[in-house]
Every structure is written in C-alpha cells, then in structure tokens.
Amino acid sequence: MAQWSPFPYPGHYQFNTSTLPKQWARLHAGDAEPLPQDEAALHAWVLLHNGHFEQAAQAGFAAGGAGTTAAHQATAIYANYLEEKEKTRQDLFMQVVLSAQAQAVAEPHNANAWYWHAYALSRYSQGISVAKALAQGLGNKIKDSLHRVIVLSPQHADARIALGAFHAEVIDKVGMLIGGMTYGAKKEVGLKLLQEALQMNPGSAIARIEYANALVMLEGDKRTQEATALYEQAAATEPLDATQRLDIEMARVELED
C-alpha cells in the first residue's frame with residue numbers, strides 16, 4: 001500500500017514515553033483506554049498522539065496487546081481525515097474492522113476492540129452509503145458493538161457519541177418510523193446519548209460536532225443556530241494532541257463553508 005500522507009501540522013505535539021503518561025487521563029477521557037504497561041505499546045501511542053499515524057499503526061501492530069488498539073485508532077483516524085483516495089480509505093477502514101473484530105474475539109472484555117470495530121464499520125458504511133449499509137445488515141452490527149462497549153466501559157463517552165450519531169443517521173436516511181421499527185433508532189435516545197457524552201467529557205470537540213450534526217438531522221432548520229454555536233465551540237477548543245487537532249480543524253472548515 002502507498003505511503004500515507006503526513007500529518008499536516010508536524011512537530012506541534014512532542015510527547016514521549018515519559019510525558020505521555022502524565023497527560024493520559026486527559027487524552028483518554030473519551031475512550032477510557034487504560035495506560036499501557038508495555039513499553040513497545042506505549043511507544044505506539046506516543047507516535048499516534050504526535051501525529052505519526054503510519055508509524056503508530058506499524059509499531060502498534062508489531063507490539064500487539066494495547067499496541068493493537070493504538071494501531072486501530074491510528075489507521076481509522078488517518079483514513080477518516082487524511083486519506084484522499086476513496087478506495088484506499090475504504091480498504092483501511094475494512095482492515096480495522098477485521099482486525100478489531102479478531103481482537104474482540106480474543107479479548108472479549110476489551111471495550112476499545114469493540115469500539116474501533118464499530119467506528120471503522122460506521123465510516124465504511126458512510127462510504128458505501130448509509131442506506132446500502134443498512135440493507136446489508138451493517139447497522140445492527142455497529143449498534144451491537146457500541147452497546148457492548150457501554151456495558152463493558154460505562155464511562156466511555158466516545159461510544160455514546162458514535163451511538164447517538166448512529167440513531168441520528170438512521171432516522172435521517174430511512175425516517176423515524178422505519179428507523180425505529182427496523183433498527184431501534186429513536187430521536188430522543190440519540191440526543192440523550194450525545195448529551196451524556198458531553199457531560200462525561202465536556203472538553204470534547206467531536207462530541208459537539210456530532211451533537212450539532214444530529215440536531216440538524218433530527219430537528220431541522222429550527223436547531224441550526226444551536227448547531228452553529230456547537231461548531232463554534234468545537235472550533236475554539238484547544239487540542240491536546242494530533243487526533244484532537246484534526247477534529248477541531250474539521251469544525252473550522254465546516255464553519256468557513
């Protein structure tokens with residue numbers, strides 16, 4: 001596979017294996033990932049947080065264990081924000097889907113194995129169209145994995161973001177009646193999940209972005225002003241690392257458009 005595109009803000013984040021643990025709780029307030037005890041896995045996470053996504057993926061898969069989770073995040077975040085070729089993006093998402101699924105089978109109590117399975121499958125589904133993904137039964141797989149994350153890790157704010165977004169997207173694509181009867185998607189549940197995520201992780205830019213998107217999908221023009229305010233708050237957030245920087249830059253681009 002071709003070399004990955006570089007992180008567009010090189011050198012802005014300079015974590016190392018000594019400094020990263022001190023910021024770990026803040027950086028992982030959304031996914032509740034435990035601090036890895038293995039040095040090789042920790043090194044993969046350092047690379048990820050500094051924006052060296054390709055190296056993080058390589059190092060993480062080589063390290064195994066907690067490093068595998070870093071590799072999944074590095075691959076999925078890179079594909080979502082930086083990969084320009086659609087086929088390559090979809091291939092990367094499917095790589096994470098299959099690898100995270102295998103990790104979840106091997107480590108069924110690993111919440112973030114299920115989370116990255118759901119995240120990558122959700123982004124893959126958006127790439128082939130949500131309607132087509134639902135017809136292929138991918139929607140229920142995403143929902144089931146995210147429910148499992150929340151059972152395993154009740155404080156997992158990011159899973160609530162993803163599950164809230166799932167409810168909103170399903171209703172937006174197939175309507176409230178079919179969405180509710182066929183996929184269990186409910187407007188009030190989706191909005192509640194997103195509100196809970198913001199309460200759990202009030203500094204999260206992506207929680208604000210997805211909440212804004214859900215408000216427009218579920219409530220229409222009457223919530224546009226509120227959605228814009230959420231985007232403005234997201235754009236004004238101070239990023240702690242490379243992954244958060246990409247979330248925030250997306251919010252800024254959306255506001256400019």
Side-chain angles (χ1 to χ4, degrees), residues 13 23-33 48-49 69 72-74 76-81 111-112 114-123 125-126 130 142-143 145-172 185-220 223-257:
Y13 306 98
Q23 297 296 322
W24 189 266
R26 293 180 68 202
L27 288 163
H28 291 273
D31 67 2
E33 174 71 16
L48 165 67
H49 288 297
T69 306
H72 292 158
Q73 180 170 341
I77 294 299
Y78 168 79
N80 192 49
Y81 288 113
N112 281 322
W114 297 101
Y115 174 73
W116 288 110
H117 172 261
Y119 179 99
L121 192 56
S122 175
R123 297 305 189 200
S125 297
Q126 290 171 339
V130 172
I142 294 166
K143 185 177 69 170
S145 284
L146 291 172
H147 278 302
R148 193 178 293 245
V149 176
I150 293 171
V151 169
L152 291 170
S153 181
Q155 295 303 307
H156 204 296
D158 288 352
R160 285 174 169 77
I161 295 169
L163 190 54
F166 169 84
H167 282 267
E169 286 204 35
V170 169
I171 291 170
D172 182 55
K186 299 182 184 300
K187 179 175 77 170
E188 61 275 14
V189 173
L191 293 177
K192 183 172 183 288
L193 284 162
L194 289 157
Q195 290 162 0
E196 287 174 352
L198 264 175
Q199 290 169 359
M200 290 178 176
N201 189 13
S204 173
I206 195 63
R208 287 175 168 77
I209 292 166
E210 294 292 3
Y211 188 28
N213 293 341
L215 285 175
V216 173
M217 283 190 278
L218 295 172
E219 301 279 352
R223 304 298 290 270
T224 299
Q225 187 172 352
E226 188 176 347
T228 300
L230 285 163
Y231 260 95
E232 289 171 345
Q233 292 167 17
T237 304
E238 186 65 33
L240 297 175
D241 75 338
T243 62
Q244 293 182 17
R245 178 69 179 269
L246 293 173
D247 292 336
I248 290 162
E249 291 299 328
M250 180 181 69
R252 291 171 179 168
V253 169
E254 289 290 330
L255 284 171
E256 288 173 2
D257 292 344

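Computed from a predicted model, the values in this text were never measured in an experiment. These values consider heavy atoms only, across backbone and side chains, with no hydrogens, waters or symmetry-generated copies.
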Minimum heavy-atom distance between His49 and Tyr13, given as atom pair plus value = O-CB, 3.8 Å
Ala227: partners by side-chain contact (heavy atoms from CB on, under 4.5 Å), with sequence neighbours left out = Ala212, Val216
Can you list the steps and then say if Asp247 with Tyr81 is a side chain to side chain contact (heavy atoms under 4.5 Å, CB included)?
-> CA-CA 8 Å; Asp247 292 336; Tyr81 288 113; 2.4 Å; yes
So CD of Gln73 and CG of Asn80: to nearest 0.5 Å the spacing works out to 11.5 Å
When you check the gap from the basic side-chain N to the acidic O, do Arg245 and Glu249 get nearer than 4.0 Å?
-> yes
Heavy-atom nearest pair, Lys187 first then Glu219, reads NZ-OE2, 3.4 Å
Minimum heavy-atom distance between Ile161 and Ala197, given as atom pair plus value = CG1-CB, 3.5 Å
Verify, without hydrogens or angle tests, whether Trp24 (side chain) and Glu33 (backbone) share a donor-acceptor contact under 3.5 angstrom.
-> yes
Between Ser122 (side chain) and Ala118 (backbone), is there a donor-acceptor pair under 3.5 Å?
-> no
Set of side-chain contact (heavy atoms from CB on, under 4.5 Å) partners for Ala29, sequence neighbours left out | Asn201
Working to the nearest 0.5 Å, report the span between CD1 of Ile206 and CE of Met250.
-> 4.0 Å
Closest non-hydrogen atom pair, Asp31 against Asn112 | O-ND2, 3.2 Å
Say whether, by atom type as modelled, one donor and one acceptor occur between the side chain of Arg160 and the main chain of Pro154 under 3.5 angstrom.
-> yes
Mind checking the CD-CG spacing from Gln23 to Leu240? Nearest 0.5 Å is all I need.
-> 7.0 Å
Would you say the side chain of Ile171 lies within less than 4.5 Å of the side chain of Met217, judging by non-hydrogen atoms?
-> no
Might you point out which heavy atoms bring Ala159 and Val149 nearest each other, and give the distance in Å?
-> CB-CG1, 3.5 Å
Mind listing the closest non-hydrogen atom pair of Ile248 and Ala205 along with its distance?
-> CG1-CB, 3.7 Å
Glu232/Arg208 ion pair, N-O < 4.0 Å | no
Arg252, CZ: over 12 other non-hydrogen atoms inside 6.0 angstrom | yes
Between His156 and Tyr115, how do the two ring planes meet: parallel, tilted or perpendicular, split at 30° and 60°?
-> tilted
Can you find a heavy atom in the side chain of Leu215 that is under 4.5 Å from one in the side chain of Leu191?
-> yes
Verify, without hydrogens or angle tests, whether Ser125 (side chain) and Leu121 (backbone) share a donor-acceptor contact under 3.5 angstrom.
-> yes
Kindly compute the distance separating CG (Leu194) from CD1 (Ile209), expressed to the nearest 0.5 Å.
-> 12.0 Å
How about Asp158 and Tyr119: do any of their side-chain heavy atoms sit closer than 4.5 Å?
-> no
Does Leu255 reach the side chain of Thr228, with side-chain heavy atoms less than 4.5 Å apart?
-> yes
Provide the full list of side chain to side chain donor-acceptor pair (under 3.5 Å) pairs with a residue in residues 163-172, sequence neighbours left out, each pair given once.
-> Gln126-Glu169
Distance col, row Gln233:CD vs Leu198:CG, nearest 0.5 angstrom, shows 8.5 Å
Which distance, rounded to the nearest 0.5 Å, do you find between the NZ of Lys186 and the CG of Leu193?
-> 12.5 Å
